[in-house]
Number of protein chains: 2
Amino acid sequence: MRRAALVAATVEEIGEAGTLDVTVGQIARRAGMSSALAHHYFGGKAQIFLAAMRHIQSEYAAEVRRCLQQAEPGKRLEALISANFAPICFAPATVSAWLNFYVLAQSDKDAARLLQIYQKRLHSNLVHALRGRCAAPEQVAEVLAAQIDGTYLRAALAGESINGAEEAVLLAAKALMETS
Amino acid sequence: MRRAALVAATVEEIGEAGTLDVTVGQIARRAGMSSALAHHYFGGKAQIFLAAMRHIQSEYAAEVRRCLQQAEPGKRLEALISANFAPICFAPATVSAWLNFYVLAQSDKDAARLLQIYQKRLHSNLVHALRGRCAAPEQVAEVLAAQIDGTYLRAALAGESINGAEEAVLLAAKALMETS
DNA sequence: TTTTTTATTGACTGATCAGTCAATTAAAGG
DNA sequence: CCTTTAATTGACTGATCAGTCAATAAAAAA
């Protein structure tokens, strides 16, 4: 499928360049087609990138479901954190795409809407996972969401030493639950 | 001073656009001069933006010094966190510039170096402030640095509801110190 | 005043790129 | 086999912009 190839090529290209300033031509060439065809299938550059982010988010959502399902009831939070740092979600190119997506969401309405969906879902997942394990799930969820995003940010910049990221978030989570 | 005006205009323009894709012409016009003059003083667009980030970082460093100085020895960490959320450092345009700076640091050598300086200094400040207040200052500093960056990230995207950001980081800091 | 240096700009250039389109090839349907 | 539909592309276009430069104005030095 051409659309799938373009979505994959988009993530790879952005991951390699580290910026959203990749041309449609580059993406199309990597996907093995002409830039005109890319336009034919998606209409424009913005829509190509949004499709790529939707794909990343659906893979993320699937990973979350998978981890939550096979988690014992009292370990939902650990499963949720684990999902965020699964290889599919935490690959350098993926993280780089996220970082650029954040920047885009500041100026692009569609990106902002897509981001809000992710944030709301993460928040509600966190609150649910925290219920019964701390006194103020809402407040702790906010803090933990920032912790996850911040760890992502640093991962995108570190490149290599991504080790310890999940452990860091787990540490914060445990500390927050024990003291609130 | 022309250079100062350009630096200020750069931050404003990026803050308003939410992206690094602002033209030298826009920046120069906001600073009340021609784009040719902007090139005359800085040499190129990249250097204009780097100068703006250096300015932001020097203001930040000054705020950190100020807060640390007037803090009692046992409250260094609180002072450090407070500095990060001072109006000068936490203004929407400033946070937006930071976010774009992060993205740039993925592909630009000079930006990466500048970012590393900031990260190293923040880390060493955190470790110093944590010494004697928890068992594993190094580890906690990593977690807290991510917490601060993540909170910044969310601030750039929230726009309005920046309230509670400092409180969130403080909450995380206290929890981490009590449990490690 | 004259000269030299600095500040300043409008007008260009060269390159890049998103998006279009008419034309070609291939596939599907009848 | 013929026809209709879909896939595919090379070649363009129009616009944008970073960076240059020669020329002018202003200020400083002599």
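Within every chain, numbering begins at 1; the chains are lettered A, B, ... in the order of the sequence lines, protein sequences first and strands thereafter.
- Salt-bridge formation is detected for the pair B/E78/B/R133: a Lys NZ or Arg NE/NH1/NH2 atom is positioned less than 4.0 Å from an Asp or Glu carboxylate oxygen.
- Minimum heavy-atom separation, B/N100 to B/G18: ND2-O, 3.5 Å.
- A donor atom on one side chain and an acceptor atom on the other are not found under 3.5 Å apart for A/S180 and A/Q139.
- Here the two rings, on B/Y118 and B/W98, have centers that are under 6.0 Å apart.
- Going from atom CE of A/M1 over to atom C1' of D/dA7 covers 12 Å, rounded to whole Å.
- Within 6.0 Å of the NE2 atom in A/H123, the count of heavy atoms belonging to other residues, nucleotides or ligands exceeds 12.
- For the segment residues 40-52 of chain A, the set of residues with a heavy atom within less than 4.0 Å of an atom of DNA chain D comprises A/H40, A/Y41, in numerical order.
- Protein chain A touches strand DNA chain C; the 5'-most and 3'-most nucleotides with an atom under 4.0 angstrom of its non-hydrogen atoms are C/dC17 to C/dC21.
- No chain of hydrophobic side-chain contacts below 4.5 Å, direct or via other Ile, Leu, Val, Met, Phe, Trp or Tyr residues, connects A/L80 to A/V127.
- We find the CD-CZ distance between B/Q57 and B/R121 to be 7.0 Å, quoted to the nearest 0.5 Å.
- A donor-acceptor contact closer than 3.5 angstrom is absent between the side chains of A/N84 and A/Y152.
- Among B/L77, B/L126, B/T179, B/L130, the one residue that satisfies the side-chain contact (heavy atoms from CB on, under 4.5 Å) test with B/V140 is B/L130.
- Between A/L153 and A/Y102, the closest side-chain pair of non-hydrogen atoms is not below 4.5 Å.
- Using a 4.0 Å cutoff on non-hydrogen atoms, the parts of residues 18-37 of chain A near DNA chain D are A/M33, A/S34, A/A36, A/L37, ordered by number.
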